[in-house]
Structure formats: C-alpha cells, structure tokens
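Proteins get letters first, then strands, A, B, ... in listed order; numbering begins at 1 in each.
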Amino acid sequence: MELSPSYEPKEAEEKWYEYWEKEGYFHADVNDGKEPYSIVIPPPNVTGNLHMGHALNNTLQDILARWQRMKGKSVLWMPGTDHAGIATQNVVERLLAAEGKTKHDLGREAFEKKVWEWKEHSGNQIQGQLRRLGSSLDWERERFTLDAGLSKAVRKVFVTLYDEGLIYQGYRIINWCSRCETALSDIETEFQELDGNLWHIKYPIKGTDEFLVVATTRPETMLGDSGVAINPEDDRHNHLIGKTAILPLMNREIPIFGDSYVDKEFGSGFVKVTPAHDPNDFEMGKRHNLEEIIIMDEHAVINENGGEYKGLDRYAARKKVVADLEALGLLLKVEKHEHSVGHCYRCSTVVEPYLSKQWFVKIKPLADDAIKVVEDGKIRFVPKNWEKTYFEWMYNIRDWCISRQLWWGHRIPAFYCEDCSHITVTMDDPDKCGKCGSANIRQDEDVLDTWFSSALWPFSTMGWPDETPELKKYYPTSVLVTGFDIIFFWVARMIMTGVKFMKDIPFTDVYIHALVRDEHGQKMSKSKGNVIDPLVMMDQYGTDAFRFTLAAFAAQGRDIILSEKRIEGYSSFCNKIWNATRFILMNLGDDFKPEKLNPDKLEVFDKWILHSLNNTVKNVSEALEQYRFNEAANLIYEFWWNEFCDWYLELVKQRLYAKVNISAESSASAKQVLFFVLHKMLLVMHPFMPFITEEIWSRIKAESDSDIIISQWPDFDKSFVFNEDANYTVIFKEIIYKIRNIRGEMNIPPDKKASVVFKTTNVLIKKIIETESVHIQALAKVESITINSDYQPDKTDASAVMQDLEIFLPLSGLIDVEKETARLEKEISKIKADLERVVAKLSSESFTGKAPLEIIEKEKGKEREYSEILGKLQDSLLKLK
RNA sequence: GGGUGAUUAGCUCAGUUGGUUAGAGCGCCUGCUCGACAUGCAGGAGGUCACUGGUUCGAAUCCAGUAUCACCCACCA
C-alpha cells in the first residue's frame, strides 16, 4: 500500500486513459435505459493543435461529462473535427508552394486527394491531444464534417432551403480575399483601424473650366467610377446635378447625380461612385442605373477595364494612379486618414469589396425563429448577458454568403444546364437538366462555407436526416460549451438550423466561457510568440494540475489571464492530495476494513469534518449545476487543504499514535473517518482531476468497487449535519489561533513549550479546554494547561482575549515587553475601531428603527463581545506597564 | 457612430439575490528538517473595493454621471 513520497503524474496519465477507453466507459449506450445527457464538442479544425482555448473548452466539458456520468446519466460526449475549408486548403497550398507548385498544377481532383492524404497523415493531431487532456469523448462515434453522413445532411439542408427559396444566387458586392481567391462572409472579415490617406482628386466638369473634388481612400478604384453623387439638399453643389464629369485618366464621361446617401458634412460633399467595388456605391449604382465596371481580377490585379493600368497589382496601380494624377495637376491634396479596413480572418490579407455572383442564404426567416426560442427561454445563455450580444446580431442579421471559391469542402449541389441555363438542385446528382432534359449539365465549381456544415453539427453527427435512435435519445443536447468569439459563426447558426430542420432547439443551455489570454492580457497567438502551450504545461505540471487550474480560472468573465505560477501552485495541490493519502494509508494498517460509520462512536472532530465534507459535497454540486467551475474548484481546494489536512489530519495524529488518554476505540473510529473522507473526496475531485483520483482509488478500492470514473457521485447526507460540533470546533480553533499568534509574534521557538492559563467561567469553553487538552498541547505547542477563573496575571504574562475567555502565557525570561505592548496596542486599536462602528450604528435611530430585528440583535451581540474584549485587553496592557 | 464589459492587496483574480470584521493564490517579512508533504508547517504585513453624486437604516454589491482600459458590431467616401 506504500505510496511514493510525491505524485508522479506521467505514469498515471498513460495508464488510465487507455484503460478507460478500452473498458468502454466513454461510450454512450443508446439502450442503457438511463436518462440522457449529451454534449457535442465544438469540432476543432483538422489543422488544429491543442491550444489554451481548446484546453479550457474541453476541460470544462469533460468536467460536466464525468460529473453527469457519475450521477448515473447516459452520457454522450460527441467528438469530431471540422474540415475547415480555407484553413486546411491554405496549409496544403503552402506545402505545395514549398515544392514550387500551385493547386492548379495538380488540378482539382488531385488536389483534393492531396488534402485528404494530408488530413490522414498530418491532420487530426488534436485527437491525441484531447486524449492527453483526459477528455472522456465517445471516440466510437467520432465524426468529420466531410463524412458521408454529414455530407448527406448538408445536401438535404441545401436542397430544402433552395426549394423554399431561402437559398438563392445573387450578383452582389462581397468580401473577396485575393490571396485565398475566395469570397468571405461578413463575419469572416475582420476590421482593423489603419492609418491611411484620403486623396482629394479633381474631376473636370464637362463643358466648363471647373472641377469638382472627390475624396477617396482607394484611388485605384476610380478606374471603375461610373458616376459622381451629391446630396440633393446640398445647396453648394446641387446645381451640378444632371451635368457630366470627365473621369480623369480614363477620360470617361460620367453622370453627376443626386442621392441622399451622401453626407453633406463629410469631405467635399462629392462622392465618386464605383458600383463594382464598394457596397454603397453598388446600391447607388442600382438606384441610378450606373454601369458596373469591374476593374480587378480575382488576384486583385487590374484587368482590361483599367486601361493602361492593366496588369498592375492593386497597390502598384494605386501608386501609379496617384502619380499620374499629380502629374496632371489633378491631385488637390492628401490627408492622413484613419479608417477601418477589412482583413481575411484566415490569412489577414486586406479584403477587397468585389462584385461577383455568389450563393446566399436568405437568413431573416430563419433568424426570426431562432430569436424566439431564446426570447422564450427555451435556450438559456450562461452567463445571461450574452443573450444581448446574440439578439443584437440576430436583429441586424444580413444574408449569408455561403459559396467559397475553394476546392476543399462540400461542393455546391447546383447543376447548370448549358442548353437552357436552368439550375437543377436535387438530393442525388442529376444526369440531365431538370427542365429541358439535356444531358449537357455541369456542377457549380464552388464549395460551401465551412460553417454551413458545422451549423448542422448537433443533429448531423447523430445521423440526421435519418431517424436514428441517437437523435431520439440525445437530441436536443444538454449544453453547448464554447467561447463568445463564435456565437455568430456557430451558435446562432446551429440554433437556426436546429429549429428549422429538427423542429427543436439544438441545446438547452449555452455556457459561454472566457477567452484565454497571456499574462499581459493579449490574445495568445503564434505570431506574437506569447503562446503558453498546453502540452508543455501538462508535461511539466501534470494534466490534473493543469485542468484544475483552468477550472479554477473559469469564472464567468470575459478573459482568463493564465499564469504558469498558478498551474505550479495546483501541482502542489496534487502533491498534497497524494501525500495526505500516503499519510492515511500509512496509518490505516494492513488489516483495515472500511465500515459503515456509526454516529454514536464519532467524536466531536469527526463530526465536524463530516459536517464540513457534507457541505462541500453539496456546494460543489450546486456550483456545477450553475456552471460555476471556479467556485467548485475553490471549495474542493479549501476543504482538502485548509480543513482536512491542516486541521483534521493534525488532530487525528494524537489518536492514531495513541497518546495519553486515547482509547483504541477512538483510534479505530478516526481511521474509519479518514478513509470515509478520502473516499468521498476522491469522488468529488474526479471530474476535475481524473488521473490522480483514479490512481488513488485503484489503491484503496475494494474488489467489488467499480472504477471511480463510473462510481456514484456522493449526495448530501442529512445524518451528517452536526451544527453543534461544528461550532465547538470553531471555538477550539480560535483558542489554538490565539496561542499560536502569541508564539509567532513573540518569536518563541517551537521547542520552548509554554504553559497556559485559561481564565473563563463559560461552561462550554471550559469543557472544550478540558476535553481537548491533548490537542491544545500538540497543536499550540503547550506543556501544561490550567483553568483558573480567578487567575491574577503576572507582569510577565503574554495574553490574548476572546469572548468569554482570557488566555495567559507566563513567559518570564522570554517576554519582550516592548513587543508584547505593541502587539496588544495593535489588537486594541483594531477592536476599538470595530466597537466604535457598531456603537455608532446602534445609536442611530434610523438603524434601530428600520433594520430587521435579527440584524440589530447581531449588532448588539457584537457590541457586547467587542467591549468585553476591549476591556480585558486594556487590563492586560495596564499590567504590562 | 452603436453596443458590451472591466477598474477590489505588489501581481493574477474571487466576491451568487445589498447586512463583512472585503477573501484566495503567488510574491513579501519572521520563525521552523514537529514520525504525509520544504511541491511543506506556523505566524505576519499589505486594500478609503477607479472617481463623483444618488437610492437605502445599511453599498465593493443597486442607479446616474466622469475617467481610464479592453472587446464586439457598423457602408461614412
């Protein structure tokens, strides 16, 4: 039974995960007849490596899964990964580039094959890393967003929405990433404030010598200008409406027109209008029938519509346009101008607003129902304030661009007829046009936004559109655990598709956790080099310590600023758990047999620790019910270290070592309690620290006991409510504190055993001192104890006061009068302040008149206590002088 | 421009519906190899809870405003 002197995480971690998985403990049995509890993992990208965000996210889910499993639920925690269209394609393209190739050299089919190969060999790293973290995922059910089953779900959703007119093709301004060569949705575009220029350009007005002046942040777009707008109410300029301007460089005649979109106050009051390269201009162009001139290709290089600028990259074109304007004397001025510029969320390239034909989801009808289920409280956000963010976005939601010009993903199931240009959209690939019957059809080249398939995740992973037992039992899922950064990308869309296609919400709770940041509050990223690698942390401090740290940090705020120091601290906690166990096992003896605790045989401190344990069990359960992981972690830490180890283990030593006045029976009962507390606490700690708890459990469990992972979560036990004994212990502890305080402050060396005189008439306190004298001697390092209600202290006594008790330590030869005086004076001034505050409160009529009776009584009690203590402290001080 | 949040000990953070003598860990100071643990034990210092008002018998906690700092959303050329 002997344990090593310190906890070695590595061995336990390797051993147990494999064992649990082999035993099938992670597998959810549809037919087990138990109440379901289900979570779907936010599918990490196949390109992903476990970072802090994943670690936090999955630790919290695992705590919930393990906890519910112990509570006897049928737990399904669904694992899987996301094909991550752009991200994955980028990775493989980069590999090709290293060989000097592009995807076009391979062609679509070969490229796709290459990505699959990459996925099998280099992707999926994260699965092993999730195992390291201890995640009790049901690996037998692992899914991938490009699986056949999920693809079928995607197709079904596309076809249905298309048939209902909710998916349509449109010619619109979208966000174009010229590096990824694809369209992006609005939320895939990240805006950053950048320092730029505002170029003021003179456009000649036809038939006059005059100019108008437009201002722009993107001068190269003027090549595609097809009008100039003025606010019709702008009295300075509205006489020009109907006239014509000459577009410099291109020498194109463009109309000057009125549109209320133009802000009179901004700039010169003239707006150059480029319908093919700006969303607002596009709208104006539609209103005024302007020509839409696309001047760039998909690489953001100027095309044939840009005249002599053809072939120049957008920034080179910008330079040349500006230079040429200046040469012509048409550049009025250049101002510094800060403006927000969109960037690709995958590669950070500046996004170009670009006119192109794309597929969109008409989102409003879906959003309306998704808003309602949250408004009605069917879905609950925790913390609740995230609902606001959700509503804010949903109310202002805009159509979702779902087509991507990529090769990796779900290909859009739309088939164009070359003969009649009808579009056929069906569940199975058609071999002829659905309208004219021509076999001359071709499939759309584009793929769907990655988030289109993840939007279906809660039901597609369970077999939808088939009716499966999994769906029946585990849908809707119990909770979704995720970060606030993907509320729009993912959470909102799952709610929309769930309500639409399952006719039911996808989950009842959405627990939104914080984002992990570095010690300076920065978002962790490789480019900043501020990444704390979870794998390194696990290696260094052990997985349990790491998990416990994340749980302890998971307060319901926005950010978690992780410090390695804290992880180190919790690795000490693991060691503390280990060593307390070691101590217990050393003392139980080989012939120990756990028995049912007999309340009649329990001593006061046994009852106290059981009472406290009982509350801990209850409070941890309640904290978990409310997703207050940090509170649960703190309760565990506090109980184990500050109550069980610091007090109970120390107290029990006297009984185990059978010192004077200790019966064999007392010793035996102490052992039973030690084992009982250890046993229960391992259960309570298991969801947080699965490895160390299973390891210890395996050493103390009876043959017939199950492994801890499937053992029963403890309940609050009414027969362990011992309020009197708890109160008794509070007083006892205070007595110890007081004596230790004197010893500490006076620097009395530990080997100097003091004698103590207690002066009291209080019956309970007398009883405590008499009964616990052995413990007082041991814990406060006291030699002899006297109770004397008439004691007259000596000048050389050090003293302490608590309610109904004065404590004296005769310290002749040891006392430092100056120190003792200072100590007493400090105590006095503290209690004086307290007393004054209470007296002031009680003498205020408004307080005594309006405050509840119990509060007033409480204050009165304090007043009595403080004044008694103050009086005695002052007496002691007088004696010193 | 709109919105959300933060501001509590040297540092990192707790503090649930207003009743506290405002807590923890780390760090700091003092003293300790006491038969589990120096990854430890005992003691201690350290905060006018950002600021200003208000509500209340009572505010770190509720309300309003100010300041500073984050983040999100938005088409101001």
Worksheet item: From U21(B), C37(B), A14(B), pick the nucleotide closest to the side chain of Asn634(A)?
Response: A14(B)
Fill in: Pair assignment for RNA chain B - dot-bracket with | for other-strand partners, Watson-Crick or G-U under 3.5 Å
(((((((..((((.....[...)))).(((((.......))))).....(((((..]....))))))))))))....
Worksheet item: With a 4.0 Å cut-off on heavy atoms, is Arg823(A) in touch with a base, just the backbone sugar-phosphate, or nothing at all?
Response: nothing
Worksheet item: Rounded to the nearest Å, what distance is computed from the CD atom of residue Glu392(A) to the C1' atom of nucleotide C72(B)?
Response: 10 Å
Item to complete: Check every strand shown and say whether His200(A) touches a base, only sugar-phosphate, or nothing at a heavy-atom separation below 4.0 Å.
Response: nothing
Discussion item. Nearest whole Å is fine: how far is G15(B) P from Glu638(A) CD?
Written reply: 16 Å
Worksheet entry | Closest to side chain of Lys862(A), choosing from C57(B), U21(B), C76(B) | U21(B)
Discussion item. Parallel, tilted or perpendicular: which one describes the rings of Tyr511(A) and Tyr627(A), with boundaries at 30° and 60°?
Written reply: parallel
Check: protein-nucleotides 43-49 of chain B nitrogen or oxygen pairs below 3.5 Å:
{"residue": "G43(B)", "atom": "O3'", "partner": "Asn741(A)", "partner atom": "ND2", "Å": "3.4"}
{"residue": "G44(B)", "atom": "OP1", "partner": "Asn741(A)", "partner atom": "ND2", "Å": "2.8"}
{"residue": "A45(B)", "atom": "OP1", "partner": "Lys826(A)", "partner atom": "NZ", "Å": "3.1"}

Worksheet item: For Lys781(A) and C32(B), is the shortest distance between a side-chain N/O and OP1 or OP2 below 4.0 Å?
Response: no
Worksheet item: Does a salt bridge link Lys272(A) with Asp225(A), judged by any charged N lying under 4.0 Å from a carboxylate O?
Response: yes
Worksheet item: Which part of the nucleic acid, if any, lies within reach of Trp641(A) when heavy atoms closer than 4.0 Å are counted: base, sugar-phosphate only, or nothing?
Response: sugar-phosphate
Discussion item. Which nucleotide wins on minimum distance to the side chain of Glu650(A), given the candidates C37(B), A77(B), C41(B)?
Written reply: C37(B)
Fill in: Lys286(A) bridged to Glu283(A) by N-O distance under 4.0 Å
no
Worksheet item: What nucleotide among C76(B), U30(B), U12(B) has an atom nearest to a side-chain atom of Phe553(A)?
Response: U12(B)
Worksheet item: Which nucleotide, A36(B), C41(B), U20(B), lies nearest any side-chain atom of Phe583(A)?
Response: A36(B)
Worksheet item: Are the charged groups of Arg823(A) and Glu745(A) less than 4.0 angstrom apart, N to O?
Response: no
Worksheet entry | Candidate list Trp386(A), Phe391(A), Tyr390(A), test ring pair (Phe, Tyr, Trp, His ring centres under 6.0 Å), partner Phe381(A), passing option | Tyr390(A)
Discussion item. Closest approach to the side chain of Lys565(A), judged atom by atom: which nucleotide of C75(B), U39(B), C26(B) is it?
Written reply: C26(B)
Discussion item. With nearest nucleotide decided by heavy atoms, which residue, Lys272(A) or Ser846(A), maps closer to the 5′ end of RNA chain B?
Written reply: Ser846(A)
Discussion item. At 4.0 Å (heavy atoms only), tell me whether Val262(A) reaches a base, stays on the sugar-phosphate, or touches nothing.
Written reply: base
Fill in: ring centroid sep under 5.5 Å plus plane angle under 30, Trp578(A) with A36(B)
no
Worksheet item: What does Asp646(A) touch in the nucleic acid at a heavy-atom separation under 4.0 angstrom: a base, only the sugar-phosphate, or nothing?
Response: sugar-phosphate
Worksheet item: Do Lys576(A)'s NZ or CZ and the ring of Phe644(A) fall within the cation-pi criteria of under 6.0 Å and 45°?
Response: no
Worksheet entry | Nucleotide of C73(B), U21(B), A36(B) approaching Tyr866(A) most closely (side-chain heavy atoms) | U21(B)
Discussion item. Please tell me if Lys858(A) has a side-chain N or O lying less than 4.0 Å from either OP1 or OP2 of U20(B).
Written reply: yes
Worksheet item: In whole angstrom, what separates Glu8(A)'s CD from U39(B)'s P?
Response: 13 Å
Item to complete: Side chain of Tyr637(A) only, please: which of G25(B), U39(B), C57(B) is the nearest?
Response: G25(B)
Practice prompt. Give Cys574(A) one of three labels, base, sugar-phosphate or nothing, depending on what nucleic acid heavy atoms sit under 4.0 Å from its own.
Written response: nothing
Practice prompt. Could you check whether Thr216(A) gets within reach of a base, just the sugar-phosphate, or nothing at all, counting any heavy atom under 4.0 Å?
Written response: sugar-phosphate
Fill in: Distance flag, aromatic centroids of Trp176(A) and Tyr354(A), threshold under 6.0 Å
yes
Fill in: Shortest side-chain distance from Phe847(A), nucleotide among C72(B), U21(B), G19(B)
G19(B)
Item to complete: Identify whether any heavy atom of Lys576(A) sits under 4.0 Å from a base atom; if not, whether one sits that close to sugar-phosphate; answer base, sugar-phosphate or nothing.
Response: base
Worksheet item: Does Glu859(A) pair with Lys862(A) as a salt bridge, N-O distance under 4.0 Å?
Response: yes
Discussion item. Within this structure, what is the CG-CG distance for the pair Asn579(A) and Asn575(A), rounded to the nearest 0.5 Å?
Written reply: 5.0 Å
Worksheet item: Pick the nucleotide of RNA chain B nearest each of Asn579(A) and Phe573(A); which residue has the one closer to the 5' end?
Response: Asn579(A)
Fill in: Qualifying residue for ring pair (Phe, Tyr, Trp, His ring centres under 6.0 Å) with Tyr570(A), from Phe553(A), Trp641(A), Tyr637(A), Tyr541(A)
Tyr637(A)
Worksheet item: Atom NE2 of His277(A) to atom P of C75(B): distance rounded to whole Å?
Response: 18 Å
Worksheet entry | Candidate list Phe691(A), Tyr7(A), Phe583(A), Phe573(A), test ring pair (Phe, Tyr, Trp, His ring centres under 6.0 Å), partner Trp578(A), passing option | Tyr7(A)
Report, one pair per line, the protein and nucleotides 7-11 of chain B atoms (nitrogen or oxygen only) whose separation is under 3.5 Å.
none

Discussion item. Would you say His200(A) and Glu335(A) are linked by a side-chain donor-acceptor pair, where the criterion is simply a distance under 3.5 Å?
Written reply: yes
Practice prompt. Report the distance from atom CD1 of Ile636(A) to atom CE of Met681(A), rounding to the nearest 0.5 Å.
Written response: 5.5 Å
Discussion item. Mind checking if Pro353(A) touches a base, just sugar-phosphate, or nothing, with heavy atoms under 4.0 Å?
Written reply: nothing
Practice prompt. Please report the closest heavy-atom contact between Val516(A) and Leu56(A), naming both atoms and the distance.
Written response: CG2-CD2, 4.0 Å
Response to the item:
Looking only at U12(B), C37(B), C57(B), the nucleotide nearest the Asn575(A) side chain is C37(B)
